[in-house]
Amino acid sequence: MKFFVSIVKASLSVVLFSVLLFFGYIVYLNFFASGFLFYDGLIGLCITFILILVVILLYAHKQNKKDSQSVAKELFLGLLSGLFLVYSFHITFPTVINRGISLYVISRLDAHGGQKINAIRDDYLSGYVDNYSTVCRRIDEQVSSGNVVFKDGRYHITQKGQRILSFLQGVSFLTGQSDYYIKETGQAHPPLHYDVRNGQCRRVE
């Protein structure tokens, strides 16, 4: 019975902290965001996490010394679990929607009632890349995060950016993923080959 009660208490703790973290996350995105969704979400989560953690420590400090450590530990584990849940939501949904080329394509198919492959390609190039300033937006993100710097009329990768790139290339190698997007074109291996036949995309084996 005690085990069941402890499970219920832990579950309620995770749910409560997830709701609080999600609320802080949403408030930050709506009122304090800088325009870079991925980083704004992380900052909002971190700020909310720290604020709740301070409250937990203050609450545990007021408890009996005998119980304070166990109370703080239980609440912290619940808070940490909630953090991972909201973070998973952030990288699974808002970030994917914000950066999703696939979502852009299917939204245009819905708007136009279907399109031929050439129109899809032209719409993507003119509507997504050019009008949406996708390249400039991503470059601006990387400058803000310190991975890229503008110098002598050109953009250059910084040492921090090189470390991150090396890490991602290592992860790509270890997980067997295509390195097409993180290596020079001549050195990389395209993920999949496609051809267009009779207006339809077909994978080339």
Side-chain angles (χ1 to χ4, degrees), residues 18 22 25-26 28-30 33-45 84-150 153-205:
S18 296
F22 187 75
Y25 163 81
I26 293 298
Y28 188 88
L29 287 182
N30 281 275
S34 64
F36 302 122
L37 178 64
F38 179 73
Y39 298 110
D40 287 335
L42 294 183
I43 294 172
L45 269 177
F84 286 131
L85 286 175
V86 181
Y87 173 74
S88 299
F89 169 84
H90 174 63
I91 63 174
T92 303
F93 295 102
T95 302
V96 169
I97 292 173
N98 179 250
R99 296 169 178 263
I101 296 174
S102 298
L103 291 175
Y104 177 85
V105 170
I106 63 175
S107 71
R108 291 304 175 271
L109 293 179
D110 179 61
H112 295 291
Q115 288 180 300
K116 292 185 177 181
I117 185 62
N118 290 337
I120 294 173
R121 181 187 60 190
D122 294 341
D123 196 3
Y124 163 71
L125 292 175
S126 62
Y128 188 89
V129 177
D130 294 334
N131 293 345
Y132 195 57
S133 301
T134 305
V135 174
C136 288
R137 185 176 182 181
R138 300 310 174 207
I139 285 292
D140 200 19
E141 284 182 352
Q142 296 307 309
V143 171
S144 300
S145 61
N147 297 328
V148 170
V149 64
F150 184 76
R154 302 179 65 180
Y155 285 101
H156 300 268
I157 188 171
T158 63
Q159 290 185 348
K160 176 184 176 183
Q162 288 176 333
R163 289 194 296 269
I164 292 175
L165 181 60
S166 296
F167 171 76
L168 293 176
Q169 289 173 340
V171 171
S172 174
F173 175 77
L174 290 174
T175 56
Q177 302 299 309
S178 170
D179 54 7
Y180 185 73
Y181 301 107
I182 54 177
K183 280 189 176 182
E184 293 185 21
T185 304
Q187 301 175 358
H189 303 86
L192 294 173
H193 294 277
Y194 282 90
D195 192 10
V196 177
R197 301 174 187 174
N198 299 321
Q200 183 177 7
C201 294
R202 296 183 181 276
R203 182 176 173 179
V204 180
E205 300 294 341

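- None of V149, V148, I164 except one satisfies the side chain to side chain contact (heavy atoms under 4.5 Å, CB included) rule with T158; the exception is V149.
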request  = Go through the steps to decide whether F22 and L85 satisfy the test side chain to side chain contact (heavy atoms under 4.5 Å, CB included), and finish with yes or no.
outcome  = CA-CA 9 Å; F22 187 75; L85 286 175; over 6 Å; no
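- Expressed to the nearest 0.5 Å, how far OH of Y25 lies from CG of D40 amounts to 9.5 Å.
- Counting only heavy atoms from C-beta outward, the side chains of L45 and Y87 approach each other to under 4.5 Å.
- Note that the CG atom of L37 and the CG atom of L29 stand 6.0 Å from one another [nearest 0.5 Å].
- Using a 4.5 Å cut-off on side-chain heavy atoms (C-beta onward), F89 and P94 make contact.
- The backbone N or O of I26 lies less than 3.5 Å from a partner atom in the side chain of N30, making a donor-acceptor pair.
- The distance from atom CZ of R154 to atom NE2 of H156, rounded to the nearest 0.5 Å, is 5.5 Å.
- The two atoms that bring S18 and V86 nearest to each other are O-CG2, 3.6 Å, heavy atoms only.
- Evaluation of the salt bridge (charged side-chain N to carboxylate O under 4.0 Å, His left out) rule for R197 yields D195 as partners, not counting sequence neighbours.
- Contact record, H112 with Q115: CD2-NE2, 3.4 Å, taken as the closest heavy-atom pair.
- At a threshold of 4.5 Å between non-hydrogen side-chain atoms, the residues S145 and Q142 count as touching.
- Looking only at side-chain heavy atoms (C-beta outward), F150 and I139 stay at 4.5 Å or farther from each other.
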